[in-house]
There are 2 protein chains.
Amino acid sequence: MSYQAENAKVREAVLLAGDAVGDAIEHWGFRKALGRVWTSLYLSSEPLTANDLAKELKMSAGAVSMTLAELRRWGVVQRALRPGERREFFEAETDFWKMISRVFRERERALAVSCRDRLAQAAEMLEKAEKSRESRETHQRLRKLVALSQLALAILDTFIASQTADFSSIGKLLQFAPKRGAKS
Amino acid sequence: MSYQAENAKVREAVLLAGDAVGDAIEHWGFRKALGRVWTSLYLSSEPLTANDLAKELKMSAGAVSMTLAELRRWGVVQRALRPGERREFFEAETDFWKMISRVFRERERALAVSCRDRLAQAAEMLEKAEKSRESRETHQRLRKLVALSQLALAILDTFIASQTADFSSIGKLLQFAPKRGAKS
DNA sequence: ATGACATTTCAATAAATTCTGAAGACATTG
DNA sequence: CAATGTCTTCAGAATTTATTGAAATGTCAT
């Protein structure tokens, strides 16, 4: 039996933690429910069933099923098949770095690339446009936006590549970030 | 007159860029409209009126007004008062770092602190709870979550403090991030 | 003060997102 | 293979968020 059999204090603490994690990952574009379910699994001393989670978190069976499916797609929750058990059990991935870097690699990076590409495309359109004074200025600023998106992508890539925990390169990269006071 | 008088290519490029920026900041919890309006102002060679923006971005007067108000609250758009002009003109802040660091300072930081505090509070609740084997394990994992949130906050603070463009300290901090393969 | 615009506000509406609950699929056991 | 318990799916409900449009407010020139 899970910690559901434990005293109310423990359950309350787990829910509080789940809420905190839920809010945090909501800021990263995930549904809050994902954070709550992951946290309950992560903090549980043993794998839980969908039903356990539904009761603990007061979610419908459907919501739990969909949430678990999404968590599994992200590789942050695994099935924990138990011999001799009809029901499925689930457990949380515990390697934070693995989870975080995956999201950065598959999600944040795609956004950064798409943003950079579209800005670059816009800049290219201006190359071809008639070169009035105004459009020149617009073009120059657009190039700065492209450069910023490029920098963001480079930082992201450095972070992603640093799976070996050598982060020093990020420091070097950031030296080139715009300095305070340097308006243009 | 603004670049609205320019040829269609320029306007199209500005809209494309605005969309890209809008999507990017949407990921940071802002409305897409904020990114589009800011981009139009930033790329314009001169300040624009609310009306210019409404026409260019096909937004209602009300939406433009609210969006400009929010952008001004974030200090990323300023009024550009023009002597002898009835209407108000607006121009974009051009210092990226100023804008980004402000958002980190006022928004991301608040989230990180709240998350850390709530996790710490949950952990504290477990200190007091009866110490069964299960709750001990839960407690241990919860402490790891607290440590992670603490690390995230430290990175954020380092980033915010690095207004002088010395980012090397971030590299040092990150040395303590969980290493790949180090499961626990 | 009045008229002519410009801007803000906000209730109503629209759009987007999330959740529920029930039907059906699937698997296991007797 | 029927009965039972579990899991998934998805249309509709509920909720949240964003936008509109129009009334209210403000501003300036006459």
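Quick caveat, the model's predicted, so the values are computed rather than measured. Protein chains get the first letters and strands the later ones, always in sequence-line order, with residue 1 at the start of each.
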> Is a side-chain N or O of B:Arg141 found less than 3.5 angstrom from the main chain of A:Tyr42, in a donor-acceptor match?
Replying inline: yes
>> Under 4.0 Å, counting only non-hydrogen atoms across every strand here, what does A:Arg72 touch: a base, just sugar-phosphate, or nothing?
In response: sugar-phosphate
>> Once salt bridge (charged side-chain N to carboxylate O under 4.0 Å, His left out) is applied, do any residues pair with A:Arg118, and if so which ones, sequence neighbours excluded?
In response: B:Asp23
> Roughly, in whole Å, what's the span from CZ in B:Arg87 to P in D:dA29?
Replying inline: 14 Å
> Rounded to the nearest Å, what distance is computed from the CZ atom of residue A:Phe90 to the P atom of nucleotide D:dT6?
Replying inline: 13 Å
> To the nearest Å, how far apart are A:Arg31 CZ and D:dT16 C1'?
Replying inline: 14 Å
>> What's the closest nucleotide to the side chain of A:Arg86 if the choices are D:dA18, D:dT4, D:dC7?
In response: D:dT4
> Taking only residues two or more places apart in sequence, or in another chain, which ones meet B:Glu70 in a salt bridge (charged side-chain N to carboxylate O under 4.0 Å, His left out)?
Replying inline: B:Arg31
>> I need the CG-P distance between B:Leu57 and D:dT20, as an integer number of Å.
In response: 11 Å
> Using a heavy-atom cut-off of 4.0 Å to chain A, what are the terminal contacting nucleotides of DNA chain C, in 5' to 3' order?
Replying inline: C:dT18 to C:dT28
> Whole Å only: how far is the CE atom of B:Met59 from the C1' atom of D:dA18?
Replying inline: 10 Å
> Between B:Ser114 and B:Asp117, does a side-chain hydrogen bond (donor to acceptor under 3.5 Å, both in side chains) hold up when you go through it step by step?
Replying inline: CA-CA 5 Å; B:Ser114 146; B:Asp117 288 352; over 6 Å; no
> Could you state the CE-P distance from B:Met66 to D:dA18, rounded to the nearest angstrom?
Replying inline: 10 Å
>> Let me spell it out: for each of B:Thr67 and B:Ala61, pick the nucleotide of DNA chain D with the closest heavy atom. Which residue's pick is nearer the 5' end?
In response: B:Thr67
> Is there side-chain contact between B:Met125 and A:Glu12, with heavy atoms separated by less than 4.5 Å?
Replying inline: yes
> Roughly how far apart are A:Leu148 CG and B:Met99 CE, rounded to 0.5 Å?
Replying inline: 8.0 Å
> Rounded to whole angstroms, how far apart are CG on A:Asp52 and P on D:dG5?
Replying inline: 17 Å
>> Are more than 12 heavy atoms, taken from residues, nucleotides or ligands other than A:Arg136, located less than 6.0 Å from that residue's CZ atom?
In response: no
>> What is the separation between atom CZ on A:Arg73 and atom C1' on D:dT8, rounded to the nearest whole Å?
In response: 12 Å
